[in-house]
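Here the structure is laid out as structure tokens; the discussion comes afterwards.
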Amino acid sequence: MGCPDWPKCFDQYIPPTSAEQLPADYKEKYVAERVVKNERFAKTLDKLGKGHLADSIRHDESILQPETFNVAKTWTEYLNRLMGATTGFLLVGLVVYSFTYRKTAKRIVVLSWLNLVVVAFQAWLGSIVVSTNLVPWIVTVHMLLALVILAILVYTYNYAQQMHKAATIVMAKVLWLKILIFLAIVVSVLQIVLGTEVREAVDAVSKALMYTDRESWLIKVGKIFLLSQGFGHNCAYFEYFYI
């Protein structure tokens, strides 16, 4: 929440370094903009048949809480956005380059276009993460989409390498290896989701306690932390066995 608006940061392409550079009513301004944007998003959810999610956003009082300017958080988020924009430009270049494979491997062209679309959607979802003030389930979807982008990139790269080497990937011939890799991916994604849920729960607890009594935050998180911890141990055992 270092930048309360999107795609600019405090309505600037290069964010401020001190609160004196901001208008006196900046908190109220960005809260009002968030409310308008979230109502549009809620209406979209209504049309998709997700009325309960739409209502949860409309009645989330944390969205109405203004964020105080913090230069460290602002520039951390700004650098995150710069990296995201750089990724987008690189993927545009990848799409252009992929057309060299249009006759030999159309799959590479399709995957490159698909990843560009997913990244564009991810950018939009990032704006929703900001406007909804880190609503937990949206943060989790945002995290999972990042993994999807990475997975498409890795697969596209390896498929292109296979084309150049005219070789057959060993995994395609070994059923038990395919099953193990699939299971490794599933448990890893589940662990990431649980970890994200724990992080979101810690945020909620810390805000409720006004960022005091830090030692009790994980205890107050409850079952999701215990589930994540236990699942993490099982994941580590599985990965050790797999390696």
Side-chain angles (χ1 to χ4, degrees), residues 1-42 44 53 56-57 60-92 115-150 153 192-212 214 217 221:
M1 297 307 299
C3 297
D5 52 336
W6 190 95
K8 294 182 180 180
C9 186
F10 288 101
D11 203 30
Q12 300 176 38
Y13 287 109
I14 299 178
T17 55
S18 66
E20 287 71 25
Q21 296 173 268
L22 298 169
D25 63 342
Y26 77 91
K27 293 182 180 179
E28 292 77 11
K29 173 187 175 182
Y30 293 119
V31 167
E33 289 179 359
R34 283 209 304 255
V35 170
V36 173
K37 188 169 187 175
N38 289 340
E39 180 56 33
R40 290 200 301 266
F41 181 51
T44 300
L53 295 178
S56 69
I57 290 174
D60 187 353
E61 295 185 0
S62 69
I63 293 173
L64 302 178
Q65 299 298 317
E67 292 290 330
T68 302
F69 175 78
N70 180 302
V71 65
K73 292 181 179 179
T74 293
W75 278 84
T76 299
E77 171 59 14
Y78 179 65
L79 291 173
N80 172 55
R81 294 186 186 186
L82 281 181
M83 287 188 286
T86 302
T87 300
F89 285 121
L90 289 172
L91 286 175
V92 170
N115 219 11
L116 188 62
V117 171
V118 175
V119 166
F121 182 78
Q122 176 78 325
W124 171 79
L125 190 61
S127 73
I128 298 299
V129 168
V130 173
S131 68
T132 55
N133 199 12
L134 306 179
V135 169
W137 66 270
I138 298 179
V139 174
T140 300
V141 173
H142 194 51
M143 179 68 183
L144 289 176
L145 269 182
L147 295 178
V148 170
I149 292 167
L150 183 60
L153 277 172
I192 289 170
V193 170
L194 287 172
T196 305
E197 293 290 327
V198 170
R199 185 66 182 83
E200 292 160 356
V202 168
D203 282 342
V205 170
S206 62
K207 286 182 180 180
L209 295 176
M210 302 298 291
Y211 303 100
T212 62
R214 188 183 181 92
W217 291 359
V221 165

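Both backbone and side-chain heavy atoms feed into the values below; hydrogens, waters and symmetry mates do not.
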The complete set of side chain to side chain donor-acceptor pair (under 3.5 Å) pairs with one or both residues in residues 81-91, sequence neighbours excluded, reads E77-R81

Tell me, yes or no, whether the heavy-atom count around L82 atom CG, taken from other residues, nucleotides or ligands under 6.0 Å, exceeds 12. yes

Determine the minimum heavy-atom distance between F10 and D5, stating which atoms define it. N-OD1, 2.6 Å

Are F41 and S131 side-chain neighbours, meaning at least one heavy-atom pair lies under 4.5 Å? no

Can you find a heavy atom in the side chain of F121 that is under 4.5 Å from one in the side chain of V148? no

Between N115 and I149, is a side chain to side chain contact (heavy atoms under 4.5 Å, CB included) present by the stated rule, with each step listed? CA-CA 6 Å; N115 219 11; I149 292 167; 3.7 Å; yes

Taking atom NZ as the centre, does K73 end up with more than 12 heavy-atom neighbours from other residues, nucleotides or ligands that are less than 6.0 angstrom away? no

Donor-acceptor check, side chain of T74 to backbone of V71, threshold 3.5 angstrom: yes or no? no

Using 30° and 60° as the class limits, which term best fits the ring planes of Y78 and W75: parallel, tilted or perpendicular? perpendicular

Grab the two heavy atoms, one from C9 and one from P16, that are nearest each other, plus how far apart they are. O-CD, 4.3 Å

Begin from the C-alpha positions of L144 and L147 and carry the test side chain to side chain contact (heavy atoms under 4.5 Å, CB included) through to its verdict. CA-CA 5 Å; L144 289 176; L147 295 178; 4.3 Å; yes

Could you check if a side-chain atom of I57 sits within less than 4.5 angstrom of a side-chain atom of E39, using non-hydrogen atoms only? no

Please report the closest heavy-atom contact between L145 and Q122, naming both atoms and the distance. CB-OE1, 3.2 Å

